[in-house]
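Notes to accompany the following structure.
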Amino acid sequence: MRTQVGRVAGAVAVVGAVVSGCGSGPSQVGSAVIVGSDAVPLSQVQSQLDVALGKTAAVSQLAYQGVGTDDIARDVVSRAVVHDLLQRAAANEGIVVGDQQVDAALAAIGGADAATQSSLYNLSALRERVRDEITAAELARRYVDRLTVTVDVAAATSRADAEAKARAIAAGGPAADAVFSTNAQKGLKFSAAADPEAASGALFGTTAGKIAVFQPAPSQSSWIVMRVVDRRTDATPAGPSVANQIDQATLVKIGERLLQPMADELGVRVNPRYGVWDPIQLRVVAQGQEAGTIMTPTAG
């Protein structure tokens, strides 16, 4: 099982920065992204981006891997969104991550100085990111044993086919029933405890009544249309807790996926210069690069 040390070590090697929003009555003008009523100013994102791009060795390595400046900027904005949502979740759940926990995590990977030198973070962003990861993991521990979903699933041959079927399902009536008449399965039940890897995906993050459209894997030509019949975070555990058997990296991903309903409820508006919010990947992507979409039924 991978330890928290391994997860944090991986985190500092990934492009990212955390910036906080401020002000009231946010406008898209001058904002990089707006989460609910919280705005992250363009100036703060640019400041974090300047720090990242100033680390030429790390930037060169990322460029060799095909990661460009626009990708770095989108990651900065993505982390800002996740940070905002995690702060809200932590307040709701009473999760408090102390400085000592952050210090211990950094000490375990050689200290903050070494971590900042080998990543695109400055010290403040590094500490915030580590704190966010610890928060996300704790959130997952609280819910992974009780998170279940029941879905109806239909196969599609392309994105266009999948979205057409999703619209039919959203409209309801005979057309919706027809979607599930062939190449479909209804009433499939899944437990996060039984499949922690899957628990980090949109299968477990989409709320009841919504329809998710996504591609199982980029290498596959098929698409999935999924109607969520039921989603519970308070289901009776099927057995002993599995939280302590799940590696830290997966716990962090599950914790972040648990933010999806909040992001959907609040709304995430991204400045077009950075792209759009992808609810399937839970990150900012270039326009047209969304991995899928989530629809709300229109039938009343």
Side-chain angles (χ1 to χ4, degrees), residues 1-20 35 74-110 112 115 118-121 124-147 149 191-206 233 241-263 268 277-285 291:
M1 184 176 80
R2 290 179 61 184
T3 64
Q4 177 171 310
V5 174
R7 178 58 191 132
V8 177
V12 298
V14 178
V15 180
V18 181
V19 290
S20 58
V35 183
R74 281 190 283 270
D75 197 76
V76 169
V77 181
S78 297
R79 292 313 311 174
V81 174
V82 172
H83 174 64
D84 181 284
L85 296 172
L86 279 171
Q87 284 191 311
R88 295 171 188 264
N92 292 339
E93 296 289 330
I95 297 173
V96 178
V97 178
D99 289 340
Q100 289 184 335
Q101 290 173 271
V102 176
D103 293 340
L106 290 172
I109 58 170
S118 62
S119 74
L120 300 186
Y121 294 96
S124 175
L126 171 66
R127 291 185 64 85
E128 200 68 77
R129 178 66 187 273
V130 171
R131 193 184 304 274
D132 281 351
E133 298 240 350
I134 297 172
T135 301
E138 176 57 28
L139 188 63
R141 289 189 186 93
R142 296 189 178 192
Y143 287 101
V144 68
D145 294 310
R146 299 179 290 148
L147 177 59
V149 292
S191 163
D195 192 350
E197 289 292 337
S200 65
L203 168 65
F204 282 89
T206 306
T233 57
S241 175
V242 301
N244 291 332
Q245 301 173 27
I246 303 173
D247 65 89
Q248 187 78 359
T250 301
L251 284 173
V252 170
K253 291 177 182 178
I254 294 172
E256 292 184 350
R257 180 56 63 178
L258 285 165
L259 303 173
Q260 183 182 330
M262 186 188 298
V268 178
W277 178 250
D278 184 346
I280 302 298
Q281 299 185 71
L282 287 185
R283 63 174 292 108
V284 178
V285 300

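The model shown is predicted, which means the values in this text are computed figures rather than measured ones. Only heavy atoms go into these numbers, but all of them, side chains included; no hydrogens, no water, no symmetry mates.
- When atom types are taken as modelled, the side chain of Asp145 and the backbone of Ser241 share no donor-acceptor pair closer than 3.5 angstrom.
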After noting the C-alpha distance and the side-chain angles of Leu251 and Glu138, does the key distance pass the side chain to side chain contact (heavy atoms under 4.5 Å, CB included) rule? CA-CA 8 Å; Leu251 284 173; Glu138 176 57 28; over 6 Å; no
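- Here the closest non-hydrogen pair linking Leu282 and Val82 is O-CG2, 4.5 Å.
- Looking at every heavy atom in both residues, Arg131 comes nearest to Asp99 through NH2-OD1, 2.8 Å.
- Rounded to the nearest 0.5 angstrom, Leu86 CG and Met262 CE are separated by 8.5 Å.
- Between the side chain of Thr206 and the backbone N or O of Leu203, no donor-acceptor pair lies under 3.5 Å.
- Ion pair Arg79/Asp75 not flagged as a salt bridge, since none of the NZ, NE, NH1 or NH2 atoms sits closer than 4.0 Å to an Asp/Glu carboxylate oxygen.
- Minimum heavy-atom separation, Trp277 to Ala263: NE1-CB, 4.4 Å.
- For Ser200, the side chain to side chain contact (heavy atoms under 4.5 Å, CB included) partners two or more places apart in sequence, or in a different chain, are Lys253, Ile254.
- Between Val102 and Glu128, the closest side-chain pair of non-hydrogen atoms is not below 4.5 Å.
- Between the side chain of Arg142 and the backbone N or O of Glu93, at least one donor-acceptor pair lies under 3.5 Å.
- Under the side-chain hydrogen bond (donor to acceptor under 3.5 Å, both in side chains) criterion, Asn92 pairs with no residue at all, not counting sequence neighbours.
- A distance of 8.5 Å separates OG1 in Thr135 from CD in Gln101, rounded to the nearest 0.5 Å.
- Among all heavy-atom pairs drawn from Gly255 and Ala140, the shortest one is N-CB, 3.6 Å.
- Of the inter-residue distances, the one linking Phe204 atom CZ with Arg257 atom CZ reads 11.5 Å to the nearest 0.5 angstrom.
- Ala202 and Gln260 make their closest contact through CA-OE1, 3.9 Å (heavy atoms, listed as atom of the first residue, atom of the second, distance).
- To the nearest 0.5 angstrom, Ser118 atom OG is 7.5 Å from Ile109 atom CD1.
- Annotation: side chain of Leu259 is in contact with side chain of Leu139 (closest heavy-atom distance under 4.5 Å).
- Considering every non-hydrogen atom in both Ala137 and Gln248, the closest pair reads CB-NE2, 3.3 Å.
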